[in-house]
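Can you keep this structure in mind? I'll have questions shortly.
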Amino acid sequence: MKPSRISHSRGDSPDRLAAACSRRHFLSALSAAAIGQCFAPTLIRADTRPKPIFSDVTAEAGITWRQFNGFSPDRYLIETMGGGLGLFDFDDDGWLDIFLLNGGETPRGKSEEPLQNALYRNLGNGKFVDCAAEAGLNRVKHYQMGVAAADFDNDGHQDIFISGFPNCTLYHNNGNGTFTDITAEAGLQNAGRWASGAAWFDYDRDGFLDLVVCNYAEFSFEGVAPKCEYVNVRTYCEQRAYKGMPLTIYHNNRNGTFTDVSRSSGLDRFVGRALGVVAIDIDDDGWPDLVVARDASPNLLLLNKHNGTFVDAGLEAEIAFDANGNAKAGMGLDAGDVNGDGRPDVVVTNFSFEFHSLFLNRGRFPFEDWTRASHLAGFTRPDVGWGVHFVDFDNDGLLDLMIVNGHVIEVIESLQPQVKYKEQPLLLHNLGNAVFEDVSSKAGTAFSQSYLARGLAIGDWDNDGAPDAIFTCVGDRPVLLRNNVGQKNSWIGLRLEGVKSNRDAIGTKLTLRVGDRKLVRWLTGGSSYLSSHDKRVLFGLGNLTASQRVDVEIVWPNGGTQVASGLEINRYHRILEQVTK
Amino acid sequence: MSSRSIGPLPLVVPFLLATLLMVQKITAQNVPAKDHASLGISFAKEGKLSEAEQELREAVRAAPAVAPYRAQLGSILGLQGKWKEALESFRNAIELAPENLDFRRETAAVEWQLGMLSSAEKNLQYVLARHPADSGATLLLGLVREKSGDYTNATQLLDSQFDLVISQPDRTVALFHSLVQSGQRDKIPRIVDVLKLRANDKQWGNAISRCTQIAAMGGDVQTSGALFALIPDDDPGRPAAGLQLAQLLYHRAQVSQAKELLLQLAERGAVSADLEALLGNCFESERRPDLALQAYQRAIKVDPSRVDHYEDLISLLLYLHRTNDALSLANHAIQIAPNDARPWVWKGNVSVRTNSSKDAMESYRHAAKLDSSNADAILGVAVVDFIAGESDAAIAEYKSGIARFPNDARFYVACAEMLMASPESLKLQTQAESLLQKAVKLAPQSAEAHYQLAQLAMQQSRLKDAEAEFSLSLQSDPDRSKTHFALSVLYRRMGRTEDATKEFAVYQDLKHAEEGGTTSAMVPDR
């Protein structure tokens, strides 16, 4: 709940006032002419025009950091691929903070100033302050790509894994606002590789989070960079100029170290240009699986065989290739129940004219390619998509879609007039049954501007129950969005804490029942592109009245089930895993 | 009479000789004219045709109303290859003696030689109406019909004079040609046997070569192969005949035989741009692009002015991602033939590959301007529209192409493909299917049309129909990776896992070969 800034002169308790002064109540209060009660006098003349769905509050929030990508005449592909970020509460104060990952320098792409990451601490009042230096997270130790934040050692604090080239980094959260680089001790260097997306998940259900790392391509800054031109202008070579790499999976040894189990798991067989990964129980057998988006390599659907190995069912699911046997340029992805049938569906962002793909999970193979039927094809035709997430932005109970886009080739507009170099993000509203309408024109100024967007993270950073967002841009500032409409509907948020299961509860399946409605959500590992998200699970409840209560069935990652009954809505709940002895 | 004096004997010479050698029953009014005529014939018998001509001209001058002198002069002129003058003389003879069947027959022979087939036919019909058993006229009429393209009648007529026909090489070729063209293949072996008997006679070498080519053009591999084997190694007609046979073998997918034959011809000194080009095609079929490249380059070197042969090399260079070389060559072809639409189309193709959409569009449009009947140019314009993301414009171009080239299946297929690739394809299935059905009517062998029909059937869960269409597609083009991929998907849906795995393996091999590691201009140029 958002704390109010009212005085306590009327003798009301801070909590009650806080509740009264949530956004919902502000609107009610306004209509009841109780204008002066909750807000400072200056706000009486506030703009009463309908707000857009999202407001770009980047400047207002104090976010000034800018990504440096090492742009150089050599046009190394890595320059245009980065843009990781994380939305997580690093200091456990109940407010989501923002971690912004810088790219890096290249041989002829140097920064005039020392490169820094940014860790914006959420002050709880819409403002953020960069404390990366104090936290020990400011240094850029290698070319950096993505962020995967999770509590790998179950000590209650979010740790950070940073993917990149030619190494990765693992920062342990010391619990006091600082981090320590424990990469070497942990054995997570992933040395010599260009790592991209990563996901924490507990593949063996031992209660500790393991890590899967996508490796993109064989790459080096040494020697002569591959040279490609478009209309005589040097630009980035397409991905096929780079040979793919196998995935890496690290088993958490539960003692601060990890073991590379890529070979024994079978994951090292899957060689390709992997970018995005989401860990989710796709076949509802209680074990987390992996969906991997790969760039001009077949997408993977790695089913967990419960014995430490995985088998690819991408072909059977018909998500690996398009109908003609071409592997699309899969970059980002997400999984969620978009059509309300209780099964996780998959969305993947692709290149221009490939359409971003939506696959509906019908409970059997193949999945149904719902790209055209959903209208996603028409909306995404000219776009090169990266970060993507299912998000119920209006809290009506249906998962909507947010996608951020941006091309790679600077001169593309001279060759394909319908395609832009900088592209607009998309906000697609779910009308039901996974058919979407484009509401970008109502979504706010950020959706009418163009960016070289890459990472996208979703999270309720202002704790008002409406999911917000932030996305990164190559060589530019990120864009922080505040959701203005989600509060108009009811909602409930759950913060899960595993006891026998991993503490973050990644891998949990939640089923909410209210009346005859059933909403299913998962706490996934990974997803989107190079980004880490709010681990609280939000359910939009539409026009449910405040007095109604809901029940949530929880299937924990380790298999235990639990029902949280009679939960009050329009607030967050902390749910601890019940463990029967 | 020595044939050396008149060079290669035209087919009609025997008719002319008949006139000359016939007993002259001339009522001589003018003694000097008769003397000149007799002297002329003597000279002719000795092979002194120019002297003979002089004398017969004197005879005609002295006795202009004597038809035989005119006819004899005509014969002498014909024997010297002076066909037009010969015709004039013979026509004059007919004017003087219209009932003379010999004159008519000889006139027809000269008319045939000059390609005046309807006049020849008239004269021959005149003769046959009065003397139906006239073998010469029957034979000649057969030849006339053969040249007119009335092969069935030609066969009948020539076959009725079989012994006369097979006594002379060109007549034999004419009968053989008529048999092939009229589809009377059962009668061909008889001719082949005749040719076999004469295989060692140099005078028949050319006839055998021509019959080989005719058989090859008629699609008869066995006959053309048998005849080719009869052609002496040093016969000048051997390379052309061999090339024709090789082309037939190639188109019958007997690529290695075609290749071996071509290599043999080349080894024996045959130098021909067409030979090298076809050899290049063979190497490409065998997936030997390096050797194909060399062959195409040799084809161009042999005849740099033959623009035709640039296309294969340009296509291959594109396939090998040597786009700069392809562009150079296309520009060179344009220099050689700036008003030929084809090089502009090729340049457009290269520009598409190098993502130079503007250049591509300009090239295709220029090609269309040079030759509005060049369908490739229109297709190219549509492709550029598609690449530029202007799908509506592309579809409009394809539809306009359908209107202009209603029998060109490619437009129907391409338009259907565009509709099915559209975001709105679910609503456009009926339209797409209709276009594809028209395409397969026009081009039953269209691999792409069947492929798209199969995809439509799959989308509509008509799995058996899809399987049938994929099979038809593969029959036409067994090496397209996407067809094998789609078939693997189909089999998987049908629960035929083993078949699915097999097809997928084939797809992977073909895909790897197609991509050669990389697929577009956005990779480092080799």
Side-chain angles (χ1 to χ4, degrees), chain A residues 77 224-233 235-243 296 298 313 315-318 320-327 352-355 364-366 368-383 408-409 411-420, chain B residues 323-324 351-352 354-360 384-393 417 420-428 451-452 454-455 458-459 480-489 492-493 497 500-501 503-504 507-508 510-511 514-525:
Chain A
L77 188 58
V224 178
K227 185 180 170 201
C228 295
E229 289 179 354
Y230 233 159
V231 289
N232 302 318
V233 174
T235 185
Y236 297 101
C237 291
E238 68 168 41
Q239 71 282 81
R240 287 190 183 89
Y242 299 85
K243 279 176 70 174
L315 279 180
E316 289 82 350
E318 294 185 17
F321 298 93
D322 71 6
N324 296 317
N326 297 315
S352 44
F353 303 121
E354 288 183 339
F355 315 139
R364 63 182 186 287
F365 292 145
E368 186 172 355
D369 187 341
W370 199 245
T371 306
R372 285 177 167 83
S374 63
H375 300 160
L376 193 61
F379 298 141
T380 63
R381 193 167 164 271
D383 295 335
V408 175
I409 311 298
V411 296
I412 192 65
E413 293 172 28
S414 65
L415 297 154
Q416 295 180 335
Q418 287 200 1
V419 177
K420 302 297 174 198
Chain B
T323 47
N324 290 339
S351 299
V352 163
T354 56
N355 296 301
S356 311
S357 300
K358 193 159 164 259
D359 289 345
V384 175
D385 280 333
F386 170 67
I387 288 170
E390 311 280 359
S391 302
D392 290 343
E417 209 177 332
M420 286 173 64
S422 150
E424 307 300 323
S425 65
L426 297 175
K427 297 181 199 161
L428 299 169
Y451 173 81
Q452 296 293 344
Q455 287 285 13
M458 272 184 55
Q459 284 172 27
R480 296 202 318 168
S481 68
K482 67 179 185 180
T483 316
H484 290 280
F485 174 81
L487 198 48
S488 76
V489 171
R492 208 170 286 112
R493 289 192 193 178
T497 318
T501 305
E503 287 298 329
F504 189 74
Y507 149 77
Q508 283 182 308
L510 289 171
K511 188 75 171 169
E514 277 167 19
E515 289 184 342
T518 51
T519 54
S520 81
M522 286 301 294
V523 295
D525 206 26

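Proteins come first, then strands; the chains are lettered A, B, ... in the order of their sequence lines, and each starts at number 1.
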Part of Ala373(A) within contact of chain B (heavy atom distance under 4.5 Å) |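 Both parts, heavy atoms under 4.5 Å.
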Value rounded to 0.5 Å, distance of CG in Asn324(A) from CD in Gln452(B) =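 Reported value, rounded in 0.5 Å steps: 7.0 Å.
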Would you say Tyr242(A) has more than 12 foreign heavy atoms packed within less than 6.0 Å of its OH?
->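 Yes.
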Are side-chain N/O atoms of Lys482(B) and Asn326(A) paired as donor and acceptor at under 3.5 Å?
->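 No pair is found: no donor N or O on one side chain lies under 3.5 Å from an acceptor on the other.
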Pairs of heavy atoms under 4.5 Å with chain B: top-ranked of Gly378(A), Ser414(A), Ala323(A), Ala296(A) |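 Among Gly378(A), Ser414(A), Ala323(A), Ala296(A), the one with the most close pairs to chain B is Ala323(A).
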Grab the two heavy atoms, one from Ser422(B) and one from Phe355(A), that are nearest each other, plus how far apart they are.
->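 Scanning both residues, the minimum pair turns out to be C-CZ, 4.3 Å.
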pair Ser391(B)-Arg381(A): side-chain heavy atoms closer than 4.5 Å |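 The answer is yes; the side chains approach within 4.5 Å.
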Could you tell me whether the side chain of Gln418(A) and the main chain of Ala388(B) form a donor-acceptor pair under 3.5 Å?
->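 Checked: no pair found.
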Taking only residues two or more places apart in sequence, or in another chain, which ones meet Glu318(A) in a salt bridge (Lys or Arg N to Asp or Glu O under 4.0 Å)?
->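 Partners of Glu318(A) by the salt bridge (Lys or Arg N to Asp or Glu O under 4.0 Å) criterion, ordered by chain and then number, come out as Arg493(B).
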List in chain and number order the residues that pass salt bridge (Lys or Arg N to Asp or Glu O under 4.0 Å) with Arg480(B), two or more places apart in sequence or in another chain; answer none if no residue qualifies.
->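 Arg480(B) satisfies salt bridge (Lys or Arg N to Asp or Glu O under 4.0 Å) with Glu448(B) only.
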Using non-hydrogen atoms and a 4.5 Å limit, figure out which bit of Ser425(B) sits close to chain A: side chain, backbone, both or neither.
->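 Contact with chain A is through both the backbone and side chain of Ser425(B).
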Considering only heavy atoms, which portion of Glu390(B) lies under 4.5 Å from any heavy atom of chain A: side chain, backbone, both, or neither?
->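 Both parts, backbone and side chain.
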With a 4.5 angstrom heavy-atom cut-off, which part of Pro366(A) approaches chain B: side chain, backbone, both or neither?
->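 For Pro366(A), side-chain heavy atoms alone lie under 4.5 Å from chain B.
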Would you say the side-chain atoms of Arg372(A) pair up with the backbone N or O of Ala421(B), donor to acceptor, closer than 3.5 Å?
->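 Indeed, once roles are kept as given, a pair shorter than 3.5 Å links the two residues.
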Nearest non-hydrogen partners of Phe485(B) and Leu315(A), listed with the distance |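 Residues Phe485(B) and Leu315(A), closest heavy atoms: CE1-CD2, 4.3 Å.
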